[in-house]
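We count residues from 1, following the sequence as given. Whatever order the structure lists ligands and atoms in, that order sets their numbers, starting from 1.
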Amino acid sequence: MMKNKFIVIEGLEGAGKTHACLFVKETLKEYNIRNVVLVRQPGSTPIAEKIRKLIKNEFQIEKFEKETELLLMYAARIQLVKKIIQPALKQGKWVISDRHDLSSFAYQGGGLGIKKKLIQQLTSLFLGDLMPDLTLYLDVHPKIGLKRALKRKKLDRIEHRSLKFFKKTRISYLKNIKSDKKVIKIDANLNINSVTQNIKFQILKWLHKKVI
Ligand code: T5A
């Protein structure tokens, strides 16, 4: 039997991550993998959800420092990792996470300009050897992604940032995944059926490799 895995879905707003997480869960079912925990970052524990609200809301009287934003992302992540992800993995469950630390490298690193080395230090200090077994990076042009996100909901504090910010964030994603063999890039600019079919193809190929 295949050992349980930690799968992460990454990408800009409107890339289709929420949809992809549910679809990956369904695809795993076809392999008779039913013991799956689905989480989102920041969030998924009571404290992490409070931090999520704090991060997403605009404050009229005070601006977030970029380091504050980064540390809040890690605070939420630590709660989630310790309270849900690590226990689930220990119990043999599979975990699918809508975003993980690659988001911090892309948004706070690439987008806001915080040094990569500092984020790497936070990751090794607080996440230790927890690493995704597979990351699906849904690559979408910021204009397309933001248009989709806007159709669905009111934009939050981060989503209100400039197109330049999201372009830098995307470049950072692409740089960071370049030589990572555990990341699969999916073209998320295509229509939802094509994206879904590609996700299915990639997941089945990956699962097949793990079995043989
Ligand atoms: N953040 C997070 C950081 O800055 N640093 C960090 O370390 C972390 C963890 C989270 C915010 O926090 C930031 C990033 C974010 O700004 P959020 O609301 O969770 O906030 O933001 P997102 O995760 O980006 O959520 P979105 O809902 O905006 O994006 P999704 O989940 O990628 O998109 P989804 O699936 O909800 O789809 C959006 C809409 O587009 C349609 C869907 O049907 C839906 O209506 N859609 C498509 N339409 C056409 N073609 C396709 N291929 C489509 N795919 C989806």
Write out the residue and atom name of the closest protein heavy atom to [atom], then the distance separating them to 0.1 Å.
| atom | answer |
| --- | --- |
| atom 19 (O) of ligand 1 | Arg52 NH2, 3.0 Å |
| atom 4 (O) of ligand 1 | Gln108 NE2, 2.8 Å |
| atom 46 (N) of ligand 1 | Arg148 CD, 3.7 Å |
| atom 1 (N) of ligand 1 | Met73 CE, 3.4 Å |
| atom 31 (O) of ligand 1 | Thr18 OG1, 2.5 Å |
| atom 43 (O) of ligand 1 | Ile192 CD1, 4.3 Å |
| atom 28 (O) of ligand 1 | Lys153 NZ, 3.2 Å |

Find all atoms of ligand 1 within a distance of less than 4.0 Å from any non-hydrogen atom belonging to [X], and give their numbers and elements.
| X | answer |
| --- | --- |
| Val195 | 52 (N) |
| Arg77 | 6 (C), 7 (O), 9 (C) |
| Gln41 | 9 (C) |
| Glu159 | 21 (O), 28 (O) |
| His19 | 35 (O) |
| Ala15 | 32 (O) |
| Ile158 | 4 (O), 12 (O), 13 (C), 16 (O) |

Any non-hydrogen atom of [X] lying under 4.0 Å from ligand 1?
| X | value |
| --- | --- |
| Arg152 | yes |
| Arg40 | no |
| Gly14 | yes |

Looking at [X] and [Y], does any basic side-chain N land under 4.0 Å from a carboxylate oxygen?
| X | Y | value |
| --- | --- | --- |
| Lys154 | Glu159 | no |
| Glu58 | Lys63 | yes |
| Arg157 | Glu69 | yes |
| Arg40 | Asp98 | no |

Item to complete: Would you mind telling me if ligand 1 is within reach of the side chain of Leu190, the backbone, both or neither, using heavy atoms under 4.0 Å?
Response: backbone

Worksheet item: Which part of Leu138 is near ligand 1, with near meaning a heavy atom under 4.0 Å away: side chain, backbone, both or neither?
Response: neither

Practice prompt. Specify whether Tyr107 and Phe165 have parallel, tilted or perpendicular ring planes, treating 30° as the upper limit for parallel and 60° as the lower limit for perpendicular.
Written response: tilted

Worksheet item: Within the distance-only criterion (no hydrogens, no angle test), does the side chain of Gln108 pair as donor or acceptor with the backbone N or O of Lys66 below 3.5 angstrom?
Response: no

Worksheet item: Quick check: does any side chain N or O of Lys17 sit under 3.5 Å from a backbone N or O of Gly11, one acting as donor and the other as acceptor?
Response: yes

Hydrophobic clusters here meaning ILVMFWY residues chained together by side-chain heavy-atom distances under 4.5 Å, can you tell me if [X] and [Y] are in one?
| X | Y | result |
| --- | --- | --- |
| Ile47 | Ile85 | no |
| Leu136 | Leu190 | yes |
| Val24 | Phe6 | no |
| Phe64 | Phe166 | yes |

Worksheet item: Have His100 and Glu10 got a donor and an acceptor in their side chains that come within less than 3.5 Å?
Response: no

Worksheet item: Considering only heavy atoms, which of Ala149, Ser194, Gly16 lies nearest to atom 35 (O) of ligand 1?
Response: Gly16

Worksheet item: Nearest to atom 20 (O) of ligand 1 by heavy atom, Arg99, Glu13, Lys56: which?
Response: Lys56

Discussion item. Taking distance alone, with N or O pairs closer than 3.5 Å, would you say Ser104 contacts ligand 1?
Written reply: yes

Discussion item. Check whether Tyr173 forms a cation-pi arrangement with Arg170 (NZ or CZ under 6.0 Å from the six-membered ring centre, at most 45° off the ring normal).
Written reply: no

